[in-house]
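Remarks on the structure that follows.
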Amino acid sequence: MTGRWGAGIPPNVNLDTPSAARMYDYYLGGAHNFAVDREAAERAIAALPATVAGARTNRAFLQRAVRFLVGAGIRQFIDLGSGIPTSGNVHEVAQGIDPGARVAYVDLDAVAVAHGQAVLDGNDLTAFIHADLRDVSSVLDAPELRKVIDFAEPIGLLTVAVLHFVPDSDGLADIMARYRDALPPGSYLALSHMSMTGQPKEFLERFKAVYRNTANPVVLRSRAEITALFGDLDPVEPGIVTLPLWRPDGISYFTEAPERFPGFAGVARKSG
Ligand SMILES: C[S@@+](CC[C@H](N)C(=O)[O-])C[C@H]1O[C@@H](n2cnc3c(N)ncnc32)[C@H](O)[C@@H]1O
């Protein structure tokens, strides 16, 4: 098969179970999804009508956060749960400001990895690593990551719309502590996460039920639980807020009051 799949569908793709990466690709209008993903995505949209605007709002937060971080002097990024490449990827935004910016993408989804590696082929300042972020050493010690990331310099660690796929029982608090510890002083963590607030509870429960039948069940957390994921890093202004309220730039996809957005985001600095 050619076209959107280039050299073909990667061999290890499960075509029977929807995946969060491919459903998110569908919300964003991408072409790297299958019928099983589109059906689940339509069920998620029916459950929570804010889903498509939510995905676009999240992507826009990611891009604002990267621009902020380049402005703060960050020139290298680790993007955990980066998703299937789409327009406005981290390296495009960062290299648009400084062509020397470096990015290591990490995802466990086979389609994200195959497409990511194809898109980045020949770009020596980037790498796409197939890993599970819960296995912290396999991410941080990956030779491909070490080729583009220098742990002697501040890093922008991005965990955008991914930690709600990691339950507490997988040791999320410890996982995040290990990532924060590995960051050199002057590094930043940018994070967004779906919450259990903003939208009617029954919408959110139905949305969760759709994801229960995918490869990536969703965990909705409170603002306090999401804030705790930053540990002792110092949040920059305006703190941990709903996504539309984080340093808005006038482009808005979410048409309801910003407080009704079902997710929180922030960017925090490691002192030093
Ligand atoms: C909703 S997408 C977000 C993509 C991108 N970060 C963004 O915000 O635009 C979530 C991504 O996280 C990935 N993911 C989920 N659990 C993961 C894990 N344990 N390790 C690595 N990636 C994971 C999924 O495969 C998917 O591509």
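Just follow the structure's listing: the first ligand is 1, and inside any ligand the first atom is 1.
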Using the ring of Phe165 (Phe, Tyr or Trp, six-membered ring only), decide whether Arg134 places NZ or CZ under 6.0 Å from its centre and within 45 degrees of its axis. no
Can you confirm whether the side chains of Arg102 and Asn123 place a donor and an acceptor under 3.5 Å from each other? no
For a 4.5 angstrom cut-off between non-hydrogen side-chain atoms, does Leu28 reach Arg56? yes
Closest heavy-atom pair and its distance - Val103, Val148: O-CG2, 4.0 Å
Between Glu256 and Arg260, does at least one N-O distance fall below 4.0 Å, as a salt bridge requires? yes
Residues Asn58 and Tyr24: side-chain donor-acceptor under 3.5 angstrom: yes
Sub-4.0 Å heavy-atom environment of ligand 1, residues by chain: Ala21, Tyr24, Asn58, Arg59, Gly81, Ser82, Gly83, Asp107, Leu108, Asp109, Ala131, Asp132, Leu133, Arg134, Val160, Ala161, Val162, Phe165, Asn216
